[in-house]
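Everything numeric here is computed off the predicted structure, so don't read it as measured data. Values below: every heavy atom of this structure, side chains too, minus hydrogens, waters and symmetry copies. One-based numbering, in listed order, for ligands and for the atoms of each.
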Amino acid sequence: MDCLEGMRKCLEDKSVDVVVTSPPYNIGIKYNKYNDTIPRNHYLNWIEDVGLEIRRVLKDEGSFFLNMGHKPSDPWVPWEVAFRLKKYFVLQNVIIWVKSIAIQKNDTGNYPSISGDIAVGHFKPINGKRFLNSNYEYIFHFTKSGKVELDRLGIGVPYQDKTNIGRWNSATKDLRCRGDTWFIPYETIRSREKERPHPSTFPPKLPEMCIRLHGLNKVNLVLDPFIGIGNTALACIRLGLDWIGFEIDEYYADITEKRVKEYLLRSVENDR
Ligand SMILES: C[S@@+](CC[C@H](N)C(=O)[O-])C[C@H]1O[C@@H](n2cnc3c(N)ncnc32)[C@H](O)[C@@H]1O
């Protein structure tokens with residue numbers, strides 16, 4: 001059902017620990033049913049209504065991770081949305097979801113594990129001479145106070161230089177804060193229709209990292225108001241968490257249900 005209606009009907013005040021979601025971006029993406037080209041002001045007013053409802057259902061110490069993409073000719077929309085939500089939330093972190101990156105060996109200095117130039121990840125290539133291919137999206141991390149404590153090492157990365165362990169007071173294990181650029185590639189697929197039957201998804205690893213950053217041990221319920229084909233649901237099942245999602249398009253909602261069932265079945269079979 002519609003997420004505003006759904007949140008109002010199904011969710012009590014301050015009942016959700018983490019919201020992870022990617023709404024329509026209003027950049028003309030061709031969904032099965034939803035029209036992604038509504039007048040910008042109308043769109044921003046609607047997003048603001050959704051934000052207010054999310055504020056109602058989110059716990060005071062909760063986290064709201066909002067993934068927003070753009071198109072090269074319309075780069076402002078993520079920030080226009082973030083600016084509207086400033087009314088109701090503090091922008092605690094801005095994370096860049098890197099989908100693809102090229103690294104030249106010469107630029108890396110002394111990293112023995114890097115043996116040559118690297119170009120990894122997938123992106124939608126564009127034609128023309130004005131714009132660069134867009135290889136990233138934003139993840140805005142909103143909270144009510146701006147003071148929510150996070151589990152930074154929950155998504156930490158091992159030190160390259162192991163002598164750092166013990167050198168800093170904070171470095172008691174072989175993990176450091178990952179920072180605010182996250183490389184999360186899409187899986188390689190052979191058939192878009194069969195394997196990714198939705199034009200604008202994030203990989204399940206994205207919600208998984210957001211939830212881990214908030215702190216796994218303080219999460220009971222996760223909400224995705226725009227659940228699409230269920231990648232937040234799959235992340236939650238993997239993490240053993242309860243989730244709730246809304247989707248106006250039955251075609252996508254059915255795929256979510258099917259993927260969740262298949263995932264649960266596979267886990268049961270693997271446990272045998
Ligand atoms: C960017 S996609 C989310 C994709 C999702 N993150 C995934 O990985 O599958 C946005 C989704 O919001 C849905 N949608 C649009 N308006 C909605 C509304 N009012 N309530 C619930 N879902 C809506 C669209 O049908 C679309 O599937």
### Shortest reach to atom 5 (C) of ligand 1 by a heavy atom, considering only I227, D249, N231, I248
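Result: the heavy atom closest to atom 5 (C) of ligand 1 is in I227.
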### Query
atom 10 (C) of ligand 1: which of C3, G228, S22 has the nearest heavy atom?
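Closest candidate by heavy-atom distance is S22.
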### Query
How long is the span from the CE atom in M209 to the CD1 atom in I155, to the nearest 0.5 Å?
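With rounding to 0.5 Å, CE (M209) is 4.5 Å from CD1 (I155).
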### Task
Examine ligand 1 and decide if any of its atoms is less than 4.0 Å from a heavy atom belonging to Y25.
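No heavy atom of Y25 comes that close to ligand 1.
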### Query
Is P225 in contact with ligand 1, taking contact as a heavy-atom separation below 4.0 Å?
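Yes, P225 has a heavy atom closer than 4.0 Å to ligand 1.
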Under 4.0 Å from a heavy atom of [X]: which atoms of ligand 1 are those, numbered in the order shown and with their elements?
X    : result
Y252 : 25 (O), 27 (O)
Y34  : 15 (C), 16 (N)
S200 : 1 (C), 2 (S), 3 (C), 4 (C)
W46  : 19 (N)

### Query
Is the CG atom of N35 crowded by more than 12 outside heavy atoms at less than 6.0 Å?
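Count over threshold, so yes.
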### Query
Is R56 salt-bridged to E53, cutoff N-O under 4.0 Å?
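Counted as a salt bridge, because a side-chain N and a carboxylate O are separated by less than 4.0 Å.
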### Message
Less than 4.0 angstrom from a charged side-chain N to a carboxylate O is my criterion; do R55 and D13 meet it?
### Response
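No, this pair does not count.
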### Task
Pick out which of F64, F89, W79 makes a ring-ring contact (aromatic ring centres under 6.0 Å, His included) with F140.
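Exactly one option meets the ring-ring contact (aromatic ring centres under 6.0 Å, His included) with F140, and it is W79.
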Write out the residue and atom name of the closest protein heavy atom to [atom], then the distance separating them to 0.1 Å.
atom                    : answer
atom 19 (N) of ligand 1 : D2 OD1, 2.8 Å
atom 9 (O) of ligand 1  : I229 N, 2.9 Å
atom 24 (C) of ligand 1 : E247 OE2, 3.4 Å

### Polar proximity ligand 1 side, F202 side, N/O cut 3.5 Å exclusive
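So ligand 1 has an N or O lying under 3.5 Å from an N or O of F202.
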### Task
Pick out which of L11, V19, V16 makes a side-chain contact (heavy atoms from CB on, under 4.5 Å) with I54.
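Of all the options given, the one that passes is V19.
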### Query
Which residue pairs pass the side chain to side chain donor-acceptor pair (under 3.5 Å) test when at least one of the two sits in residues 111-123, sequence neighbours left out?
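Only H122-T188 qualify under side chain to side chain donor-acceptor pair (under 3.5 Å).
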### Task
Could you see which bit of K33 sits under 4.0 Å from ligand 1, with heavy atoms only: side chain, backbone, both or neither?
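K33 to ligand 1: no contact under 4.0 Å from either part.
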### Query
Are the side chain of D2 and the backbone of L4 linked by a donor-acceptor contact shorter than 3.5 Å?
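Pair found, side chain donor or acceptor close to backbone of L4.
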### Task
May I ask you to check whether W97 and Y186 place their ring centers less than 6.0 Å from one another?
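Aromatic pair counts; centres sit under 6.0 Å.
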